[in-house]
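Single-structure report; data block below.
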Amino acid sequence: MFESLHTPYPISEEQRYSFQKNGYIRLKNVLEPDVLSYYGDAITKFVLEKNPLQDVPLEERNTYQKAFIQVINLWREDETAREFVFSKRLAQIVGDLMGCSGVRLYHDQALYKEPSGGFTPWHADQYYWPLESPNTCTAWIPFQATPLEMGPLAFAVASHALTEGRDMGISDDSERLIAEMMATFPYDVAPFDLGEVSFHYGWTYHRAGPNNSNQPRKVMTMIYFENGCRVTPFKRYEHENDHANFLPGTKVGEAAASELNPILYERT
Ligand SMILES: O=C(O)CCC(=O)C(=O)O
């Protein structure tokens with residue numbers, strides 16, 4: 001059952017090259033509809049139970065809160081979510097795209113954009129992470145086909161090479177200032193088919209439009225980093241916070257390898 005979750009998904013040289021050059025890639029038919037439906041239902045139930053914003057109407061939320069309902073590290077609390085997050089296929093794809101012999105989990109997070117939910121401002125994920133290596137990757141996995149009106153993830157092509165703007169978290173300011181910086185980069189926005197998954201480096205700039213449909217945009221994400229990556233000195237509060245939550249007990253300068261960072265892929 002659900003073979004596609006764990007069997008290898010071959011990555012060609014061309015796909016690896018494209019990922020490393022552009023900073024992201026969308027891959028079709030990564031997961032079968034039955035896998036998405038089974039795990040999507042379980043994860044949605046969990047997200048609705050844990051939704052930290054359930055009593056806050058959309059119009060009273062800030063830009064970040066309007067963008068999505070965010071529930072983190074489901075794998076630690078829900079066995080079905082754990083099976084999904086520990087997908088061998090997704091971790092193998094990440095290892096092959098980054099060209100690494102092993103990858104660890106940083107954390108998972110569900111990002112559900114409600115009907116009428118707002119845009120996700122421009123940002124690069126690694127702003128938040130005290131991780132030294134640029135070989136980090138987020139897998140963005142929609143549980144439904146995601147047309148443009150639902151706010152699919154969109155990327156600035158090859159923006160992971162740019163070091164400017166790396167001191168900005170998700171905010172109205174990042175939407176404005178990073179948009180200005182991205183003016184010279186091609187903007188790639190496209191609908192996602194059912195089963196399609198995108199992968200982007202931690203330093204790739206990306207955003208998402210609002211959800212103008214009347215259906216929730218249900219998305220699960222997993223963040224990975226290359227095995228051997230070290231913890232960097234903290235540059236900001238977010239690094240300290242992430243360290244406490246996702247790398248407990250690890251020391252600056254040493255391997256990021258806490259009990260919360262299992263190896264999910266190792267090339268044999
Ligand atoms: O789903 C979204 O709207 C944003 C997702 C995102 O920024 C990410 O997964 O890195």
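Nothing here was measured: the structure is a model prediction, and the numbers come from that model. Counting convention: from 1, in listed order, for ligands and their atoms alike.
Just one of F192, F68, Y24 meets the ring pair (Phe, Tyr, Trp, His ring centres under 6.0 Å) condition when paired with W140; it is F192.
Here's the thing with T221: none of its N/O atoms is less than 3.5 angstrom from an N/O atom of ligand 1. Taking any N or O of R217, backbone or side chain, at least one lies under 3.5 Å from an N or O belonging to ligand 1.
Summarising the geometry, atom NE2 belonging to H239 is positioned 7.5 Å from atom OH belonging to Y127; distances are rounded to the nearest 0.5 Å.
At a threshold of 4.5 Å between non-hydrogen side-chain atoms, the residues E175 and T63 do not count as touching.
Counting the atoms of ligand 1 from 1 in the order shown, those under 4.0 Å from a heavy atom of W140 are 1 (O), 2 (C), 5 (C), 9 (O). Heavy-atom contacts of L153 reach the following atoms of ligand 1: 4 (C), 5 (C), 6 (C) (cutoff under 4.0 Å). Under a 4.0 Å criterion applied to the non-hydrogen atoms of H200, ligand 1 contributes the atoms 8 (C), 10 (O). The A208 neighbourhood of ligand 1 comprises atoms 3 (O), with distances under 4.0 Å to a heavy atom of that residue. The atoms of ligand 1 that sit less than 4.0 Å from any heavy atom of H206 are 6 (C), 7 (O), 8 (C), 10 (O).
With a 4.0 Å cut-off on non-hydrogen atoms, M220 does not touch ligand 1 at all. Residue contacts with ligand 1, taken as heavy atom pairs separated by less than 4.0 Å, involve H123 solely via side-chain atoms from C-beta onward.
Between Y38 and F2, the distance separating the two ring centers is shorter than 6.0 angstrom. If you look at F143 and F84, their ring centroids are closer than 6.0 Å.
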Handout entry: Full working for side chain to side chain donor-acceptor pair (under 3.5 Å) between N261 and S258
Key = CA-CA 5 Å; N261 315 115; S258 81; 2.7 Å; yes
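H160 contributes a side-chain N or O that, together with a main-chain N or O of Q20, makes up a donor-acceptor pair within less than 3.5 Å.
For atom 3 (O) of ligand 1, the nearest protein heavy atom (residue, atom name, distance) is T120 OG1, 2.6 Å.
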